[in-house]
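A short write-up of the structure that comes next.
Quick note on labels: first sequence line is chain A, next is B, and so on, each numbered from 1.
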Amino acid sequence: MKPARTRVAPSPTGHMHLATARVALYDYLLAKKTGGQFILRIEDTDTQRTVPGAEQELMDGLRWLGLEYDEGPDIGGPRGPYRQTERRDIYHAHAKILVDKGHAYPCFCTPERLEKVRQEQMKRKENPHYDGMCRILDPDDAARRVAGGEKNIIRFKMPKDGQTVAHDHLRGEIITQNEQLNDYVLMKSDGLPTYHLAAMVDDHDMGITHVLRGAEWLSTFPLHVNIVRAFGWEEPAWVHLSLFLKPSGKGKLSKRDGAIAMKDGYSVFIKDFGQLGFTPEGVNNWIALMGWGVAEDDVLTLDQMIERFNVDSLTASPSAINFQKLDHFNGTHIRLLTNEDLSARIKPYFSEAGLHVDDETLYKVTPLIRERLVTLDDCLSFASFFFKENVEIDPAELIVKGLDAKQSAEILRKSYEILSGLDELTHATGEPPMRVYVEESGFTAGQVFGLMRTAITGQKVSPPLFESMEVIGRKTVLERLKNAVEILGKF
RNA sequence: GCCCCCAUCGUCUAGUGGACUAGGACGCAGCCCUUUCAAGGCUACGACCGGGGUUCGAAUCCCCGUGGGGGCACCA
């Protein structure tokens with residue numbers, strides 16, 4: 001396959017969300033697979049909706065995911081600029097070409113008139129559309145009015161008869177009766193182009209070979225094809241990706257769903273995932289498989305995805321997002337990390353919680369919790385006690401089911417005695433004598449070890465007990481046992 | 001309302017006319033392992049939207065329904 005040039009072209013109007021990330025992922029995979037380039041282009045022609053910081057968030061998001069682009073607004077490239085507001089002249093020149101060729105025309109209608117026309121059409125139960133008032137103007141007259149400074153916009157002159165046959169890579173031919181199509185606006189009164197013109201011009205100008213975009217563009221697809229053909233350009237391969245649906249499957253996933261997801265510790269915004277303890281690997285794997293059919297072995301790293309990727313195996317039907325699957329992929333990829341890597345990744349969560357973490361201890365703790373982590377921040381609930389001076393114990397937790405305070409105290413006293421008799425406390429030295437004690441005492445392993453766990457870790461759930469004690473160290477373990485006995489003594 | 005797209009387990013999907021008793025993954029249930037929680041292993045449950053064609057043969061091709069989704073801006 002020839003090297004593909006792909007692009008992700010988001011508009012900086014809000015937080016970067018899942019759908020943008022997936023388009024970018026597939027763009028990236030296709031480009032890397034074929035030895036081509038992946039480009040970031042900012043579509044900021046709606047100056048009203050542009051929000052400060054959104055562009056930076058997009059760039060940060062792509063980098064966090066590991067989707068390094070080869071060309072973009074901040075790094076430049078041979079086909080720049082990569083911000084549409086910096087390409088005004090290009091669009092004006094191209095709009096003029098279409099007008100000169102008779103494929104577009106100036107329109108002098110006011111927004112007020114347009115609104116009135118729309119109202120009347122709706123009253124008559126017609127489809128709202130431009131009524132073509134300026135389409136039939138004499139081109140020379142129109143040109144004179146424009147030259148005279150009269151306010152105007154440029155509309156595309158859509159063919160009135162026949163049909164448009166457009167080819168979507170995943171769906172085949174999409175045939176539209178031209179009478180269904182509208183004379184869409186190409187150039188707005190603010191002097192900036194609409195998406196329809198800007199994207200077509202840029203994709204051509206930047207040598208894009210494959211246009212991957214959301215299926216919400218399918219309805220204006222025939223328009224776009226007509227624009228490209230009016231210029232006489234070769235078309236890219238059009239790939240309309242299936243939409244992401246809300247977890248319920250009811251309706252397209254929207255930015256508003258972010259707030260809902262956040263309550264459960266999830267998000268639809270890329271910026272949040274790191275904070276929530278998700279890894280780029282997990283997120284990539286998750287979104288990759290919504291819309292891309294992999295028969296088996298679906299745990300994939302970016303490199304493995306590149307190897308396996310194939311545009312033909314993308315799916316056309318919409319997919320409901322499923323956060324449980326994100327958890328699964330996240331946990332799986334965490335377990336795939338090396339000890340050093342995982343340690344480095346969980347360290348910030350401890351720091352943010354105000355805990356001082358020394359690397360030596362951390363390297364010993366990480367193997368103990370790695371297979372228990374679903375998200376990186378789970379490290380806090382499992383391992384905070386390793387980095388605290390004292391643990392807080394709920395006295396009620398020290399009374400194990402089936403035992404009274406006296407018996408519990410006895411177990412802990414005996415444990416203290418056994419462990420304090422050891423020169424060294426490790427997993428290997430600590431467990432055998434305790435096993436013997438369990439055997440001889442008649443208490444169950446669950447009772448004895450459960451009590452010790454509470455006393456030493458302050459938690460009912462923790463990493464394996466003896467491994468944990470080894471990390472904590474003999475001195476601290478004994479202190480905590482003693483402390484627990486004292487607490488029990490107050491009963 | 002009009003136009004367009006889609007349709008396999010609850011969810012993501014494999015399947016491109018015979019190898020389908022329809023495969024995998026998540027979730028769910030059970031069992032094993034086990035000092036807790038996990039991880040891991042095993043097992044179970046679970047789907048071709050309906051109706052017509054085409055064909056010796058259809059999950060797979062065609063048509064019609066139905067359902068779901070998207071779009072109908074001087075937004076992208």
Under 3.5 Å, is there a donor-acceptor pair linking the side chains of [X] and [Y]?
X        : Y        : value
A:Asp312 : A:His169 : yes
A:Trp292 : A:Thr315 : no
A:Tyr91  : A:Asp202 : yes
A:Thr338 : A:Asp341 : no

Partner of A:Val185 under side-chain contact (heavy atoms from CB on, under 4.5 Å), chosen from A:Ile154, A:Leu197, A:Ile153: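 The single option meeting the side-chain contact (heavy atoms from CB on, under 4.5 Å) with A:Val185 is A:Ile153.
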May I have the distance from [X] (atom [atom1]) to [N] (atom [atom2]), rounded to whole angstrom?
X        : N      : atom1 : atom2 : value
A:Tyr184 : B:rA76 : OH    : C1'   : 13 Å
A:Asn322 : B:rC26 : CG    : C1'   : 6 Å
A:Phe323 : B:rC26 : CZ    : P     : 19 Å
A:Asp297 : B:rA14 : CG    : P     : 15 Å
A:Arg372 : B:rA39 : CZ    : P     : 10 Å
A:Leu289 : B:rU11 : CG    : P     : 17 Å
A:Leu218 : B:rG69 : CG    : P     : 16 Å
A:Ile321 : B:rG27 : CD1   : C1'   : 15 Å

Does a nitrogen or oxygen in the side chain of [X] sit under 4.0 Å from OP1 or OP2 of [N]?
X        : N      : value
A:Arg435 : B:rU35 : yes
A:Thr315 : B:rU13 : yes
A:Lys252 : B:rG68 : no
A:Lys246 : B:rG70 : no
A:Arg453 : B:rC37 : no
A:Ser242 : B:rC6  : no
A:Thr194 : B:rC75 : no

Write down the distance separating the [atom1] atoms in [N] and [M], rounded off to the nearest Å.
N      : M      : atom1 : answer
B:rU13 : B:rG18 : C1'   : 23 Å
B:rC20 : B:rU8  : C1'   : 12 Å
B:rC28 : B:rA39 : P     : 10 Å
B:rG71 : B:rC12 : C1'   : 25 Å
B:rG10 : B:rC6  : P     : 22 Å
B:rC33 : B:rG69 : P     : 48 Å
B:rC37 : B:rU21 : C1'   : 39 Å
B:rC62 : B:rC2  : P     : 25 Å

Under 4.0 Å, heavy atoms only, any strand: does A:Pro247 hit a base, just the sugar-phosphate, or nothing?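 Nothing: the residue A:Pro247, judged by heavy atoms under 4.0 Å, touches no strand.
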Contact class for A:Ser189 (heavy atom, under 4.0 Å): base, sugar-phosphate, or nothing?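 Answer is base: heavy atoms of A:Ser189 come under 4.0 Å of a base.
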Report the nucleotide, chosen from [options], that has the shortest atom-to-atom distance to any side-chain atom of [X].
X        : options                : answer
A:Lys250 : B:rG69, B:rU35, B:rA76 : B:rG69
A:Pro128 : B:rC26, B:rA73, B:rG70 : B:rA73
A:Ile174 : B:rC75, B:rC5, B:rG40  : B:rC5
A:Pro318 : B:rC6, B:rA76, B:rA38  : B:rC6

Out of curiosity, A:His333 NE2 to A:Leu342 CG, how far, rounded to the nearest 0.5 Å?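 It comes to 13.5 Å.
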If pairing requires Watson-Crick or G-U wobble contacts with both distances under 3.5 Å, which nucleotide is the partner of [N]?
N      : result
B:rG1  : B:rC72
B:rC42 : B:rG30
B:rC49 : B:rG65
B:rU35 : none
B:rU16 : none

Do A:Arg155 and A:Tyr184 form a cation-pi contact, if we require the NZ or CZ to be under 6.0 Å from the six-membered ring centre and within 45 degrees of the ring's axis?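 No.
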